[in-house]
There are 2 protein chains.
Amino acid sequence: MAKHDPALSQLFHALSDPTRRAILTRLAEGPARVTELSEPTGLRLPTVMRHLSVLEEVGLIATAKDGRVRTCAIVPEALAPARTWLDEQRSLWEARLGRLEAMAMKAMKERDR
Amino acid sequence: MAKHDPALSQLFHALSDPTRRAILTRLAEGPARVTELSEPTGLRLPTVMRHLSVLEEVGLIATAKDGRVRTCAIVPEALAPARTWLDEQRSLWEARLGRLEAMAMKAMKERDR
DNA sequence: ATCATGCTTAGCCATGTCGCTAACTAATAT
DNA sequence: ATATTAGTTAGCGACATGGCTAAGCATGAT
């Protein structure tokens, strides 16, 4: 069985929450402080903090504290493993389609023989 | 705020489980019956059934029962929304990089004036 | 020195997830 | 007719998740 890939699981899990995706989308426009990120969500600060922790743990964002303000920025490379997995999946699928096509060709040749 | 996108959330959630990803990878090679899918997982049948339900609910697989055997097949188009979101995210990021670059150019011109 | 701001921590609650066993149904094989 | 096979349903338990409030703690403003 394909062995655990905890990083990928965590990555997809992080992306599975709409609030977290919204935060990432916001951050794609540029860095922001925590309060700034929390405002559009309608959620309380501690809740948003938790989402930010999740995002930071999987490496999707980086944060730094300056004085009492924490600034968050996106880490776009962190999305790569997800893309890679999806691409692999697609190429597996296409390989299979290719084999099916080959079989169909072969079947036609047999029939015409 | 970006409005809810429950389908995307469910899709990412479905992909966030290693067992489910393993099942998809297996199915990329061709259809399989339930028992066949359960064997390599080391999990009990009802557990695997639950995973299959999740996959079917989000449209990642299709199943059909013939006699007492249920056959499962992948539905590769179902991955598209995930890919699309990742691509959008990347293009947002690149647009931002573009703007930063433009700002840097402008700053250099100002400085050289 | 005091107050307001911005985050952080601790802890609670409801709900969801993932595993299991046990018992059931339906189809096929003997 | 009976036994086996393949899946299904029901329901349990442990733990994770996502929301909240309340209280704490630095930093910056007055």
Side-chain angles (χ1 to χ4, degrees), chain A residues 1-27 30-58 60-73, chain B residues 1-27 30-58 60-73:
Chain A
M1 172 79 149
K3 51 176 172 303
H4 262 239
D5 191 344
L8 198 49
S9 298
Q10 286 177 357
L11 182 52
F12 278 130
H13 172 249
L15 296 178
S16 77
D17 185 284
T19 301
R20 288 194 287 263
R21 287 198 307 278
I23 289 175
L24 288 177
T25 303
R26 163 63 190 79
L27 285 179
R33 51 176 57 187
V34 174
T35 317
E36 205 171 336
L37 289 173
S38 92
E39 274 157 8
T41 64
L43 298 175
R44 299 295 180 170
L45 253 184
T47 305
V48 172
M49 282 292 296
R50 197 163 201 89
H51 285 303
L52 292 176
S53 312
V54 171
L55 290 173
E56 191 168 19
E57 268 168 32
V58 302
L60 279 166
I61 67 171
T63 77
K65 200 165 181 178
D66 177 27
R68 60 187 165 170
V69 172
R70 178 173 298 277
T71 305
C72 308
Chain B
M1 172 79 145
K3 50 178 171 300
H4 260 239
D5 190 343
L8 197 48
S9 297
Q10 286 177 355
L11 181 53
F12 278 129
H13 172 250
L15 296 178
S16 77
D17 184 284
T19 300
R20 287 193 289 262
R21 287 197 309 277
I23 288 174
L24 289 178
T25 302
R26 162 64 190 80
L27 285 180
R33 52 175 57 186
V34 174
T35 317
E36 204 172 339
L37 288 174
S38 92
E39 275 157 9
T41 65
L43 297 176
R44 300 294 182 172
L45 253 183
T47 306
V48 172
M49 282 291 297
R50 198 163 203 88
H51 284 304
L52 292 176
S53 312
V54 171
L55 290 172
E56 190 167 19
E57 268 168 33
V58 303
L60 279 167
I61 67 172
T63 78
K65 199 165 182 178
D66 176 27
R68 59 185 166 172
V69 172
R70 179 173 296 277
T71 305
C72 309

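Only this structure's heavy atoms are used, side chains among them; waters, hydrogens and symmetry mates stay out. Order of the sequence lines sets the chain letters (A, B, ...), proteins ahead of strands, with each chain counted from 1.
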Within the structure provided, determine whether [X] and [Y] are in side-chain contact (heavy-atom separation under 4.5 Å).
| X | Y | answer |
| --- | --- | --- |
| L52(A) | T63(A) | no |
| R20(A) | V54(A) | yes |
| I61(B) | I23(B) | no |

Original post:
Between dT21(D), dT8(D), dG19(C), which nucleotide has the shortest distance from any of its atoms to the side chain of L43(B)?
Top reply: dG19(C)

Subject >> Nucleotide nearest H51(B) when distance is taken to its side chain, options dG18(D), dG6(C), dG19(C) >> reply: dG19(C)

Is the shortest side-chain N/O distance from [X] to OP1 or OP2 of [N] below 4.0 Å?
| X | N | result |
| --- | --- | --- |
| R20(A) | dG18(D) | yes |
| R44(B) | dG19(C) | no |
| T47(A) | dG18(D) | no |
| R33(A) | dG6(C) | yes |

Subject >> Residue whose closest nucleotide on DNA chain D lies nearer the 5' end, R50(A) versus G67(A) >> reply: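 That would be R50(A).
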
**OP:** Please tell me which of D17(A) and L45(B) maps to the more 5' nucleotide of DNA chain D, matching each residue to the nucleotide holding its nearest heavy atom.
**Re:** L45(B)

Between [X] ([atom1]) and [N] ([atom2]), how many Å, whole number?
| X | N | atom1 | atom2 | result |
| --- | --- | --- | --- | --- |
| K65(A) | dC25(D) | NZ | P | 13 Å |
| L52(A) | dG19(D) | CG | P | 12 Å |
| E36(A) | dT5(C) | CD | C1' | 15 Å |
| M49(A) | dA10(C) | CE | P | 12 Å |

Subject >> Atom of S9(B), atom of P18(A) and distance for their closest heavy-atom approach >> reply: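 That would be OG-CD, 3.4 Å.
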
Original post:
Could one point to a donor on the side chain of R68(B) or the base of dA27(C) with an acceptor on the other under 3.5 Å away?
Top reply: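 Counting by modelled atom types and ignoring angles, a donor-acceptor contact under 3.5 Å is found here.
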
